[in-house]
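Handing you a structure now.
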Protein chains: 4
Amino acid sequence: MSTKYELFDDLENKKARLCKAAVSIFSDKSFNRTTVQEIAQKAGVGKGTFYNYFDSKERLLSFLLDCGTVKLIEYVKDSIQEVMEPRDKLEKAIDSQLEYFNKNHDYFVFYLREMWSYRQGLEEQIFKLKEEYITIFENIIKEGEDSKAFKNVDIETISSGLFGMLSVASSHWALFSSEFPLENINQSVKEVFFNGILRG
Amino acid sequence: MSTKYELFDDLENKKARLCKAAVSIFSDKSFNRTTVQEIAQKAGVGKGTFYNYFDSKERLLSFLLDCGTVKLIEYVKDSIQEVMEPRDKLEKAIDSQLEYFNKNHDYFVFYLREMWSYRQGLEEQIFKLKEEYITIFENIIKEGEDSKAFKNVDIETISSGLFGMLSVASSHWALFSSEFPLENINQSVKEVFFNGILRG
Amino acid sequence: MSTKYELFDDLENKKARLCKAAVSIFSDKSFNRTTVQEIAQKAGVGKGTFYNYFDSKERLLSFLLDCGTVKLIEYVKDSIQEVMEPRDKLEKAIDSQLEYFNKNHDYFVFYLREMWSYRQGLEEQIFKLKEEYITIFENIIKEGEDSKAFKNVDIETISSGLFGMLSVASSHWALFSSEFPLENINQSVKEVFFNGILRG
Amino acid sequence: MSTKYELFDDLENKKARLCKAAVSIFSDKSFNRTTVQEIAQKAGVGKGTFYNYFDSKERLLSFLLDCGTVKLIEYVKDSIQEVMEPRDKLEKAIDSQLEYFNKNHDYFVFYLREMWSYRQGLEEQIFKLKEEYITIFENIIKEGEDSKAFKNVDIETISSGLFGMLSVASSHWALFSSEFPLENINQSVKEVFFNGILRG
DNA sequence: CATGAATGAGGCTTCATTCAT
DNA sequence: AATGAATGAAGCCTCATTCAT
């Protein structure tokens, strides 16, 4: 994964530090139990400096969610760009999402926790992005159906379901275990999602 | 679904009203943006009364999450109690979770949002319960592996993954759509989870 | 002056105490240098209590200015109600404004200081009221012109000018002197305003 | 009015620009709601530059009030210097104050708003100056009384009252009207102040 | 001199919780 | 048991001021 996909690494130094500090604390406590003070302190800057980079604490949240989703979308889209077969595309997309999670544990513990919070308020954009991400799955599955590679299923259900399967399984490991058996997760999910859990 | 499984219906009148009011507001805003005032008001009681039934706002959250998880566990466990075959058990469990979600939309929008928040603090119990629920899946899948009905997969991954698939697909419909096509969701998830998305 | 005209005396106990505390401090420092903390403390209540009675510190200011202007208008209007001759009316109005100032030194030191602050923002109403007060003078003077008792002058100029003369002269005494020679002020202003400063 | 009396025009370039920017903003918002940032920006300099010319925001206020009062005093004193008769002197003084207001609308809107704020703090000097200005009126009136041109009145009351009459009438026009009928104001004030409002 | 990023003291406001009635 | 006025700890944010460049 080149710098292009590194969360925050293309931001100004201080802004990146603030983002990283925030994510690190948010993955431990929740957004609401974290104070701006703490974030600034962890980033090694003054409290006022925070407000040179973000309009408010809420906007930081919005920015972080946005940022991660945009990068994830970029990353996954890039990874499937030159793949032709729907099945291969879906494999690649699964690989990519899991890799991405694996590269950014803190971020995704935070992400999974806070992504559900945004239904109303200013930040409808988050929802749009989450939808845009799931749309990647939807498009691949639709393509697979058209080419008779995949069965006819309810595309919305299965796309969001796949996203849920990957996210929750990843979180499960991130939250409850010290290891993150990327390969196992990858293989098990793919095996079941492509061929089902039934033997023979 | 008998009263036994109805959330809050076996509580004292006012406590039940407070729970229902809370869930209704929480599904709209998040826990943190909801005030005790609002909950009491919606329940039609005074603010002080709230504290006759709950030690604190946090304890209400804990109680609600707990309550829903316990009932879900009861409900699913009861539903599979007399089923013998692992595959039938898993089908039944999937049916039950989806039914349960369907009966309690507000609750599960809230549940999905807040369940991730609890890692530290007093409320480890929530985690235990969530784990206990996933353990139901784990046990069924283990049984299925033992009887050669199911393939060998990473059980933790696939159990939490199934939970994620069901939860996120359900939420997807609950959040983004006015309808909730229970039967479609059920069939699509089962078809993919049991047989995979690949045709032939 | 009956209770009817007493500033704040017809408010709830705590609200009145907060108003009185605020005015007392505002007359010493300015609004901006006074904290809500101080006001609450001087009123003998908790800081949070302040917000049970006023939406914000700004709204307190608005309320205080409003309140004083309304009462002044009431007081002056009542005092001239049964007077027929324009000259007598104007005398009575001058008497009343000076009496009112005299009864509420703190308030008017505060009033004169803050009344100019409100041009934009929510509180256009203040301006309307100040205008409404000056309109009392305008109407009397117009009447006096019509009945040939008064000369033809620019009514807006002379009405606001009279208000300024009374206000600034009163403030002068309130700010720079320990005494407030009500009678002297009254007589001197009237003598000059009615007959001019020129002898003979 | 030669440069001698132009506010700020004999200051260094940047200092003058800062003063003008400040007055312009202050006449719109109040001192307290204006930030140093805004002033610097409007003056077209950096925020740090502000502090090369003024020790603090407070000192700017002090300087502005001071500056305007000193110039006003100079201007009025100069204008009456060669006038002999008290009545003519007073007329000239009134002319001058009104001219001065007219030349510096923004400044006087600001001045009238902020002049009352200074009772304690470092800036007693402001009060002294305001007093010094009113003393000009006091001296003329005293002289007029001695020469029997003027009646015996309470000199402090009438001097501050005249200042108030001129200031508030001027502000009235500046704040509430797009025009400033200098001649009308001048004539009406003089007519009333010298001869009274009563006809015959 | 000029700048503007960095700072943190300080103030407003919210809201969970208490308690007298 | 029920209430809601009272409380004050806690947190977000502003902005005057500093200082390295």
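No experiment lies behind these values; they were computed from the predicted model shown.
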Next on the checklist: So does A:Phe31 get a backbone contact from the side chain of A:Glu114, meaning a donor-acceptor N/O pair under 3.5 Å?
Outcome noted: yes
Checklist entry - Are the side chain of D:Thr34 and the backbone N or O of D:Ser30 linked by a donor-acceptor pair below 3.5 Å? => result yes
Checklist entry - With no hydrogens and no angle check, is any side-chain donor or acceptor of C:Ser62 less than 3.5 Å from a backbone partner on C:Glu58? => result no
Next on the checklist: What is the first contacted nucleotide of DNA chain E and what is the last, in 5' to 3' order, if contact means an atom lying under 4.0 angstrom from a heavy atom of chain A?
Outcome noted: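 So the outermost contacting nucleotides come out as E:dA6 to E:dG10.
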Checklist entry - Checking all strands, does D:Phe50 fall into the base, sugar-phosphate, or nothing category for heavy-atom contacts under 4.0 angstrom? => result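 The answer is nothing, as D:Phe50 stays clear of every strand by at least 4.0 Å.
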Next on the checklist: Considering every strand and a 4.0 Å limit on heavy-atom distances, what is the contact class for D:Phe54: base, sugar-phosphate, or nothing?
Outcome noted: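 Counting heavy atoms under 4.0 Å across all strands, no contact is made by D:Phe54.
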With a 3.5 Å cut-off and sequence neighbours excluded, list the donor-acceptor pairs that the side chains of residues 36-48 of chain A form with protein atoms.
residue, atom, partner, partner atom, Å
A:Glu38, OE1, A:Lys29, NZ, 3.3
A:Glu38, OE1, A:Thr35, N, 2.8
A:Glu38, OE1, A:Thr35, OG1, 3.3
A:Glu38, OE2, A:Lys29, NZ, 2.5
A:Lys42, NZ, A:Ser24, OG, 3.2

Checklist entry - A:Phe63: what forms a ring-ring contact (aromatic ring centres under 6.0 Å, His included) with it, not counting sequence neighbours? => result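 A:Phe63 satisfies ring-ring contact (aromatic ring centres under 6.0 Å, His included) with A:Phe54 once adjacent residues are dropped.
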Item to check | Consecutive Watson-Crick or G-U pairs in runs of at least 3, all under 3.5 Å, in which DNA chain E is involved | outcome: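 For DNA chain E the paired stretches long enough to count as stems (3 pairs minimum) are E:2-21 with F:2-21.
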Checklist entry - Hey, can you pull the residues of residues 37-49 of chain B with a non-hydrogen atom under 4.0 angstrom from DNA chain E? => result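 Heavy-atom contacts with DNA chain E come from B:Lys47.
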Checklist entry - Sequence neighbours excluded, which residues qualify as salt bridge (Lys or Arg N to Asp or Glu O under 4.0 Å) partners of D:Lys20? => result D:Asp9
Checklist entry - Any side-chain N or O of B:Asn52 less than 4.0 Å from the OP1 or OP2 oxygen of F:dA2? => result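 Checking B:Asn52 against F:dA2: at least one side-chain N or O falls below 4.0 Å of OP1 or OP2.
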Checklist entry - Does the D:Tyr107 side chain pair with the main chain of D:Leu64, one donor and one acceptor, at a distance under 3.5 Å? => result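 Checked: pair present.
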